[in-house]
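Index from 1, following the sequence. Values reported hereafter were calculated over all heavy atoms of this structure, with side chains retained and with hydrogens, waters and symmetry mates removed.
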Amino acid sequence: MLNYHIHNGRPDENLVGGGVISECAPDAGSPPVGGHYDPTLACGAATGETENCGLLNRNGSQYDCTPETYDVDPWSCEVGDLSSKHGSLKFIMQMDGDYLSERKQHDAYGALVNQLEGKSVVFHCGSPRVFCATLDIVDPESTAFEQQNGM
């Protein structure tokens with residue numbers, strides 16, 4: 001199972017297809033991958049808004065985000081704290097040896113697609129960051145999209 005979050009920055013733009021371990025570190029990339037995307041200042045321990053949360057005297061100790069608390073009060077969770085809001089990703093090995101994770105989750109209070117451009121999704125196995133990728137808006141009509149997806 002992997003935890004996953006939207007982070008404020010992105011891995012190094014020269015990486016093709018994302019990064020692993022140190023390339024996903026909080027200080028890697030430009031702007032740095034940093035902490036969780038938290039425009040509503042829920043202020044968890046991994047927020048990317050430490051300065052603003054500090055001004056509110058919120059240090060993460062008050063943060064209580066679970067699927068249950070999110071259902072009752074969506075503002076109690078960081079926008080980018082996907083695994084706390086929806087649960088960890090579970091991967092299943094298929095007959096051909098590939099792994100599949102199916103998550104069809106509608107998040108009525110999540111970020112809009114255009115708010116995520118240039119940010120990153122980071123996957124954690126426990127505490128360490130395992131891999132990450134930049135979130136970019138791709139025109140599904142473009143040739144680049146078709147080439148990337150074998151069309």
Side-chain angles (χ1 to χ4, degrees), residues 1-92 99-142 144-145 148-149:
M1 295 194 317
L2 292 174
N3 292 327
Y4 60 116
H5 308 94
I6 304 298
H7 285 251
N8 282 331
R10 58 192 299 152
D12 188 325
E13 63 187 51
N14 295 324
L15 293 172
V16 176
V20 294
I21 316 293
S22 65
E23 297 157 334
C24 304
D27 59 351
S30 179
V33 174
H36 296 172
Y37 179 52
D38 187 18
T40 58
L41 302 177
C43 300
T47 184
E49 296 291 338
T50 52
E51 186 176 328
N52 289 325
C53 289
L55 293 172
L56 297 170
N57 292 320
R58 301 180 80 190
N59 63 6
S61 63
Q62 79 297 331
Y63 189 69
D64 181 29
C65 179
T66 65
E68 294 77 24
T69 60
Y70 185 64
D71 283 345
V72 174
D73 179 13
W75 309 116
S76 65
C77 295
E78 298 165 340
V79 173
D81 191 356
L82 302 176
S83 54
S84 291
K85 295 191 299 187
H86 308 299
S88 298
L89 287 177
K90 297 167 183 75
F91 290 86
I92 299 166
Y99 288 88
L100 172 70
S101 178
E102 193 171 300
R103 172 75 61 178
K104 295 178 182 173
Q105 186 79 36
H106 173 71
D107 189 347
Y109 298 96
L112 301 174
V113 171
N114 64 344
Q115 295 171 321
L116 299 178
E117 186 169 22
K119 295 186 178 356
S120 59
V121 60
V122 177
F123 295 86
H124 305 258
C125 185
S127 179
R129 297 176 183 200
V130 180
F131 58 95
C132 58
T134 299
L135 297 170
D136 286 321
I137 297 174
V138 177
D139 179 2
E141 303 298 320
S142 75
F145 177 83
Q148 277 184 324
N149 292 287

Check: What closest approach, in Å, do C65 and S76 show between heavy atoms, and which atom pair accounts for it?
Finding: CB-O, 4.2 Å
Next item on the list: Measure across A42 and E78 and return the closest heavy-atom pair with its distance rounded to 0.1 Å.
Entry: CB-N, 3.5 Å
Check: Quick one: are V33 and R129 in side-chain contact, heavy atoms under 4.5 Å?
Finding: yes
Notebook entry, point to check: Can you name the nearest heavy-atom pair linking G34 to H7, along with the distance?
Noted result: O-ND1, 2.8 Å
Check: Within the distance-only criterion (no hydrogens, no angle test), does the side chain of D38 pair as donor or acceptor with the backbone N or O of C43 below 3.5 angstrom?
Finding: yes
Checklist line | D81 and its side-chain hydrogen bond (donor to acceptor under 3.5 Å, both in side chains) partner, picked from Y37, Y4, Y63 | finding: Y63
Item checked: Approximate separation, where rounding is to 0.5 Å, of T66 OG1 and H86 NE2 -> 12.0 Å
Margin query: Quick check: closest heavy atoms across L41 and C53, and the distance to 0.1 Å?
Written below: CD2-SG, 4.2 Å
Check: Out of curiosity, N52 CG to T47 OG1, how far, rounded to the nearest 0.5 Å?
Finding: 8.5 Å
Notebook entry, point to check: CG/N8 to CD/E49 distance, rounded to the nearest 0.5 angstrom?
Noted result: 6.0 Å
Side-chain donor-acceptor pairs of residues 113-122 under 3.5 Å, sequence neighbours excluded:
from, atom 1, to, atom 2, distance (Å)
Q115, OE1, L112, N, 2.7
S120, OG, G9, O, 2.9

Checklist line | Heavy-atom pair with the smallest gap, counting every atom of G110 and Y70 | finding: N-OH, 4.0 Å
Checklist line | Polar contact flag, side-chain donor to acceptor under 3.5 angstrom, D136-T134 | finding: no
Notebook entry, point to check: Can you say whether the rings of H124 and H36 are parallel (under 30°), tilted (30 to 60°) or perpendicular (over 60°)?
Noted result: perpendicular
Check: Should T40 and V79 count as side-chain neighbours, where that means a heavy-atom distance under 4.5 Å?
Finding: yes
Notebook entry, point to check: Out of curiosity, L2 CG to C125 SG, how far, rounded to the nearest 0.5 Å?
Noted result: 6.0 Å
